[in-house]
Amino acid sequence: MANHQHQRNVSFTAHGQAQGVNQSMKSDKSLVSSEWITTNTSSWASTRGLSGTIGPDRPPLAWAGVRHQLREDNELVEVGDRGSGGVGFCEIAKAGHCSQAVLITCLHLSHEMGLRDVGQYAWTTPSVKDPMGSMMKIMKQYSQQIRGLSKHSTLDCRIAPDPSKLVIQHHLQRARQQAGQNNYVAVIYNGHGIQEPPTEQGELWCYDRGFDECLQNGGGPTEYIPIMLFDVLAWAGSSTCYVWDVSFSGRFIKAALTEAEEIDIQFKAAAAQNPQIAEIHPPVYSRRQIHFASCGPNQTVPRINGMPDDLFTACLTNPLRIALLYHNLQTFPLTKGDGSSSSSSYIPRNSEYMILLWENMSSNLKDRLSHELLSIIHTIAWQTLNGNDYQKLFGKSGDLVNNLSSGFILSQRVFSSYGVNPESTPTIPSSTGHTLWTTWDLILDNLFEQLPKYFDEGIIDNSWEKDLKLVSFMQDQLESITTATYGSGSAVTKSTNGIGMIPSLSRLPIICAAAMTKQFRLQACQALDSCLRILDIRGLAHAVQGGALDVAAKLLALEDPQIKNQLISIWSSLVRHDLAVLALAKEGLTSEKLTDVPSVKFFLGALEENLVKDVNVNGEGIEENMLEEDERISLIIQTAAVLSTIANFVSGRKAPRFVIKTLSMSGIMLKSDRELMKQWGALLIAEVLGSLDQPEERQSDLGHDKVLIDGLKMDLIEMIGSNTVETRATAIYALSRWIPNSEATMEKEKLRIQMKPSLEIVQVLLNHSEDEGSPLVRRELARMYIRILEVADGFAELAVWISILQSAVEFMLHMRKEVEETIVNTGRGLGITIDQLEVMKTLQKVFQAAKRYKNDPDNHVNEIVNIPLDSILNKLGKHEDEQQKHWKTISSLTLNGDRADDGMKWTEELLKIVIESKDHLIANWYKIESDKESKVEDHDEDKLKNGRNKRKKLNNELFERTKAVLQSYLAAGRRPDLIPDKVMTSQSGDSRERTWTLRHRVLEDSMVVAEQQVGLPWKWAIKNISAPDPWTNMTFHSFHSTVMSCNRSHDLLLWDWSTSRKTGHVHLDLPSTEAISSARFVNELHEQTVILAEITNGDIHILAGPLDPSRIRPIANFRALDLSIPKIRADVEYQRRLITTWYRSNGLLCVGGSSDRINVWDCPAERCVRALNTESTTPVTTLITEPVSGNLIFAGQADGQIRLFDLRQSRKTALISWRGGSSSDMDHGRMTKEAVRRTAINKIGVVLGESKNISSACANGMINTYDLRTLSSPIGSILSHPHGISYASFQAHSGLLSTISNLHPQSTSHDAPSADFALHRTTQGHLSPVTAESISFGNQPSEMLSGYLKPYTIMHPLRPFLGIGFGNTYYLRGCGVGKGDDTDSGSFSFIKAQATNII
């Protein structure tokens, strides 16, 4: 592939950013109605925020992405545990395939044939005249049958006919010696010629003389010799599979468990004395033993006419033939009918016919039927066994054990018909009633109906098969699996064992078997792909146990172009599991060229092929072409995920061709207009550069391709400005690979030169650091900053030392000159150049940015920076006890600032200690330099010895997380079905989001229009709620009967107002000094309810989940506003709190409070896009967004000013401002003195569709209405509460303004507080009272009256009722709409049903 040079230049300027924001905030001209609110005006006045209007790189809903729907705590556990499955899993992984078999056959035919008519053994009927020859023939047949069960591996089969104890011991010990410690040995014991049953202790019997001895010397055995099962287990070793075909064989099962545990105990005791014994004889007998017994401990083996005498062994070695014989004896169980009409023709074939049938069946037909039978048996086993047992029996133990296990399940069905129950270890539950046996009966019914009436004896003729039409179990199952699961992976699905498995996973063995059949391969691969893509990490581990990995490896080796696309998708799911990565990339560790490894070559070729593939998305067949283009993009992303995993796995080796190829193709991915493709291009770059190419050797390794590297860096820097969180995070993650290795051994000047590209990158990141709202991105920023500080060595220590002095001197101004001289003299003494000075200035900024993250609301971000920052500060101080104590104080003051421990402050003594530490700093500076010089020689010597550089392992948490949920992102990004109404929403948006938007608006309008037709008065008391805990405020859910309240604690309280019942609470893990001040619902008709909780320190925490409080969890957080700005005047009445306004259509959240800034957050992008300046020293007390277009922001402040900001303009200051708490006809005489002093604006309201009229409620009790065209005086004023307004709430749909006064002074003296409530209507510029009354809140505890609690009132967002509360008392008042039952046309249930039907 040609190398692509990146010529793009990126410029980050304030003007460019503002211009981009303004462009994103343009909206269509709003429709304004001067009459009563109508559906048209309220719903479709603005279409901003729909999927098509926000661009392809911006998610349409805030906090509703894939990353928000995944449980982070579970992810962490699963990512760390993705390759494990417990002790049993590890033991299975160590155990090898079966390579040895020992056939212990005790028949003594000469004696047995004298007692009874002996039937077939190994499908051979012994001759009375030649018992010895018959025995040899039988053993030969057994040996051939056993070898036939191990087609894919070499099996050494040892025969021991009629053996003695010494012969058994010899064969078992030799088999174990040849197999090794971990490979399985199969021991098949047939005791049909032994008349004595096994003892209760599990002793088995053999002969006093062996067959060979008798053959040489004549005669025969004369007595039975017992053998302790303990001895047999010890001779055969731990990894052994036993078949016990003898009556009462169930006794071996019980005894084997006891004996195996005893052996393990003895080995453990020996290992305690000599640890080397544990390596030679690990205590794993009880975990690795496999036993198959033909019957229970008190049962005998049945002998059935038409069946061989060794029926149990025959079931295990030739299950298809036994299945045919058994079906014949059952007389067509599904089609035999009731004995009338044609059913009389269904009679069992005789034994001779069945023998001839088997001889005249072609190997192709036998293979086909055997494949169907084994698929059914494996599926039954998969659905009844746990994953470890299934893998032990049907996976890792080899073909022989696999086939013996399959035959055992068939034996359970056959023997159960005759009242016998075979037993096993591990226990295989009986499956005789499993529904899949019915499917097998149907297949054989269909076959038997088409069989010829007779066969010519001695003539083999397969011509009868040409017209044979068999029922295909595999085809039916694959069709049902694909239909049920393909394309359904919209979210990660948890998988469990047994009946809890998803349908496709429960039939995984069918899929695996079909994939190895050419006829069904493509369909099976599609089914396997659809199964794996919807599994979580634990489900994937279960699928690996079921054989998915083994089949995928075999399919990859086939190099079948027909299944190429499916293989890419299958492996992109499998590489989440460590065993899959090992199977895929192990060869890459030792191969001379990584690009010559077959799997690497396959995926490199696939990536290049799909990148250059051109799909025409215009012209005819546009819909099909668009789907083809989506598939191409998915294949590129999936291939990049696999190649990234391979690069990560083979970390440390050199692979220059692989590096160039992958980086060149990654450059193409970065230029895509698909965000997910960009993200995986960045991840591929990160894993390749972080694993295969030593940073200090990039230029020499890549030579002329340095231009490619520089181009990639510029493209990644451009991605930092993306509106998609994952794109920003992956770009920063990839850019971190440009930072030199922290263990680099280079001089300071060389280090400065190497760090120059890194510092250029960091300069860009610092501009975005304070505006970042996503924890995912902040984690990568924190890691980047810490790595820079670690790599910079002495430069970082010097930069931090200077930062400490500069911050401390602000509290000790009289020492400024001394501090400045110290800094200058230290720099001169160290020979700091101008260029190095610039490096340190940047490092100071990095230190400040990292320091801010120490108090980040995300605990993971805290953990990233805490220890490294403490370590850097500790290096600056001396290690004497007294000095350590002072440096602990200095560190706390430096890192925590205002949040330092109580009583800590800068003193002259502390500042002098920092100044005096310059000597220690200088000593460290030169020590680092000398240490590096000594390490250079060792570093070069290690390179010569090892042939590769040892690098410090870079953090790849983001890569592992993204890889783990790749299929969820692909499912979420698949093109949805187009909806008919193209006017309402774009075709490019998410279908669920379009449904949510439509439903929200239709339901909202239906409720408003219907309920506003009923008039006043507001006299109906709907509900009263008495809460055990006080509420400071509350909010309604727009569409459910849910009330959410908080009480300045760490909990959110959820209530159902229709039943006056508390439904639960949600707890946030906050610092002890902080609390939740208020909360609101967002995305209220989405699948998940999203709660936005505002914290007193300026943070905002996002919680999401169903309405069930127990399932609501935190999903995001960010520092919404810096509340530590000193120039804002402190006011006891308006404590530290956030004031927010949320505009649903575009997801903009404006945040104000005790700050001179109002931050505008783009919540879908999770970043701050604007910072408005109030130009005031008083806090913001209320904020609203103009409800139609969302372009205007109204801010009310504590000084009574109202400021109007226009988001369409680039200016950061208010467009206009006016005094909103006074009027020309204010009646000061009626106001109390306390009310006159209050000037804060409590609430601003704008009626939907009347944006030119603004209403305000002031803390002094005044309600004013203004016309934006004439702000010199209000057009309407009312003094609603002479005692002042405590709280106000406004409903934009109706223009209703609810207010409540401060508590009556006289009411607080007798613990029965009361306040005045009033309701006013503000429409079309008119202000009129609706109702007013005095509200008593009953008896309240005295601490509530003296605390921070105030009366409050909250309007429902849509419905005509409101809440009034104080302390632990809360009232719900309304106008009576919806008072009837659910059939009432004004009721909530009725209207919601109507809205849903419209959708």
Side-chain angles (χ1 to χ4, degrees), residues 6 10 594 640-641 643-656 658-667 669-670 678-702 705-720 726-744 746 751 753-765 776-777 779-792 846 864 948-963:
H6 298 250
V10 182
L594 185 58
L643 289 172
S644 302
T645 305
I646 292 174
N648 183 275
F649 181 80
V650 299
S651 175
R653 66 160 292 158
K654 290 185 178 296
F658 180 85
V659 170
I660 295 301
K661 283 189 173 184
T662 51
L663 292 184
S664 298
M665 292 186 284
S666 298
M669 295 175 68
L670 294 186
K678 286 183 181 179
Q679 294 158 23
W680 274 100
L683 290 172
L684 181 55
I685 292 170
E687 297 313 305
V688 169
L689 291 183
S691 303
L692 299 176
D693 187 34
Q694 292 291 340
E696 65 269 23
E697 298 178 358
R698 280 183 191 143
Q699 295 184 12
S700 60
D701 281 352
L702 301 177
D705 295 297
K706 183 178 182 299
V707 177
L708 170 64
I709 297 293
D710 292 340
L712 293 175
K713 182 179 75 173
M714 295 305 295
D715 283 341
L716 290 170
I717 290 175
E718 185 178 359
M719 287 169 58
I720 296 172
E726 291 86 349
T727 301
R728 300 199 300 274
T730 52
I732 297 169
Y733 176 75
L735 286 169
S736 67
R737 275 35 179 178
W738 266 259
I739 300 176
N741 198 319
S742 60
E743 295 180 352
M746 61 185 76
L751 175 63
I753 296 173
Q754 288 282 12
M755 286 187 61
K756 185 176 179 181
S758 305
L759 295 178
E760 291 174 354
I761 294 170
V762 169
Q763 292 277 17
V764 178
L765 296 180
L776 187 69
V777 181
R779 292 170 191 175
E780 296 309 313
L781 285 171
R783 291 190 182 101
M784 174 78 88
Y785 296 153
I786 293 300
R787 279 205 64 203
I788 286 286
L789 294 174
E790 290 175 343
V791 169
V846 172
I864 293 171
R948 65 173 67 176
N949 293 330
K950 293 183 179 179
R951 64 173 69 233
K952 182 179 179 180
K953 182 67 174 178
L954 299 176
N955 183 283
N956 64 344
E957 180 183 316
L958 179 65
F959 168 68
E960 294 294 347
R961 286 180 179 277
T962 310
K963 181 178 68 173

Quiz item: Which value, rounded to the nearest 0.5 Å, describes the distance between Phe959 atom CZ and Thr645 atom OG1?
Solution: 3.5 Å

Quiz item: So do Trp680 and Thr962 actually touch side chain to side chain, heavy atoms under 4.5 Å?
Solution: yes

Exercise. For residues Leu781 and Met784, determine if any side-chain heavy atom of one lies less than 4.5 Å from a side-chain heavy atom of the other.
Key: no

Quiz item: Is Arg787 reaching over with its side chain to a backbone N or O of Ser736, donor-acceptor style, under 3.5 angstrom?
Solution: yes

Quiz item: How far does CG of Leu776 sit from CZ of Arg961, to the nearest 0.5 angstrom?
Solution: 8.0 Å

Quiz item: Which heavy atom in Val791 sits nearest to a heavy atom in Pro740, and how many Å separate them?
Solution: CG2-O, 3.2 Å

Practice problem: Please tell me if the side chains of Ile685 and Leu670 come closer than 4.5 Å, counting only heavy atoms from C-beta onward. | Solution: yes

Exercise. Evaluate the side-chain proximity of Leu594 to Leu692: yes if any heavy-atom separation is below 4.5 Å, no if none is.
Key: yes

Quiz item: Atom CD1 in Ile739, atom CD in Glu790: separation rounded to 0.5 Å?
Solution: 9.5 Å

Self-check item: Pair Tyr733-Gln679, side-chain donor/acceptor within less than 3.5 Å
Solution: no

Exercise. Please name the pair of heavy atoms, one in Lys678 and one in Met719, separated by the smallest distance, quoted to 0.1 Å.
Key: O-CE, 3.7 Å

Quiz item: Once you round to the nearest 0.5 Å, how far does CG of Leu683 lie from CD of Glu726?
Solution: 10.5 Å

Exercise. Taking the side chain as every heavy atom from C-beta outward, state whether Pro757 and Lys713 have any atom pair closer than 4.5 Å.
Key: yes

Practice problem: Drop me the distance from Ile660's CD1 to Ile709's CD1, to the nearest 0.5 angstrom. | Solution: 6.5 Å

Exercise. Kindly indicate, with the supporting measurements, whether the criterion side chain to side chain contact (heavy atoms under 4.5 Å, CB included) is fulfilled by Arg783 and Ile786.
Key: CA-CA 5 Å; Arg783 291 190 182 101; Ile786 293 300; 5.9 Å; no

Quiz item: Quick one: are Leu958 and Ile732 in side-chain contact, heavy atoms under 4.5 Å?
Solution: no

Quiz prompt | Tyr785 and Ile864: CA distance, side-chain angles, deciding distance, side chain to side chain contact (heavy atoms under 4.5 Å, CB included) verdict | solution = CA-CA 10 Å; Tyr785 296 153; Ile864 293 171; over 6 Å; no

Quiz item: Taking the side chain from Thr662 and the backbone from Val659, do they hold a donor-acceptor pair closer than 3.5 Å?
Solution: yes

Quiz item: How close do Leu684 and Ala640 get, heavy atom to heavy atom, and via which atoms?
Solution: CD1-O, 4.0 Å

Quiz item: With side chains defined as the heavy atoms from C-beta onward, is the minimum distance between Leu716 and Ile761 less than 4.5 Å?
Solution: no

Practice problem: Mind listing the closest non-hydrogen atom pair of Ser691 and Ala647 along with its distance? | Solution: CB-O, 3.1 Å

Practice problem: Provide the closest heavy-atom pair for Ala734 versus Ala682 in the form atom of the first, atom of the second, distance. | Solution: CB-O, 3.3 Å

Quiz prompt | Non-hydrogen atoms of Glu780 and Ala729 that approach each other most closely | solution = CG-O, 3.8 Å

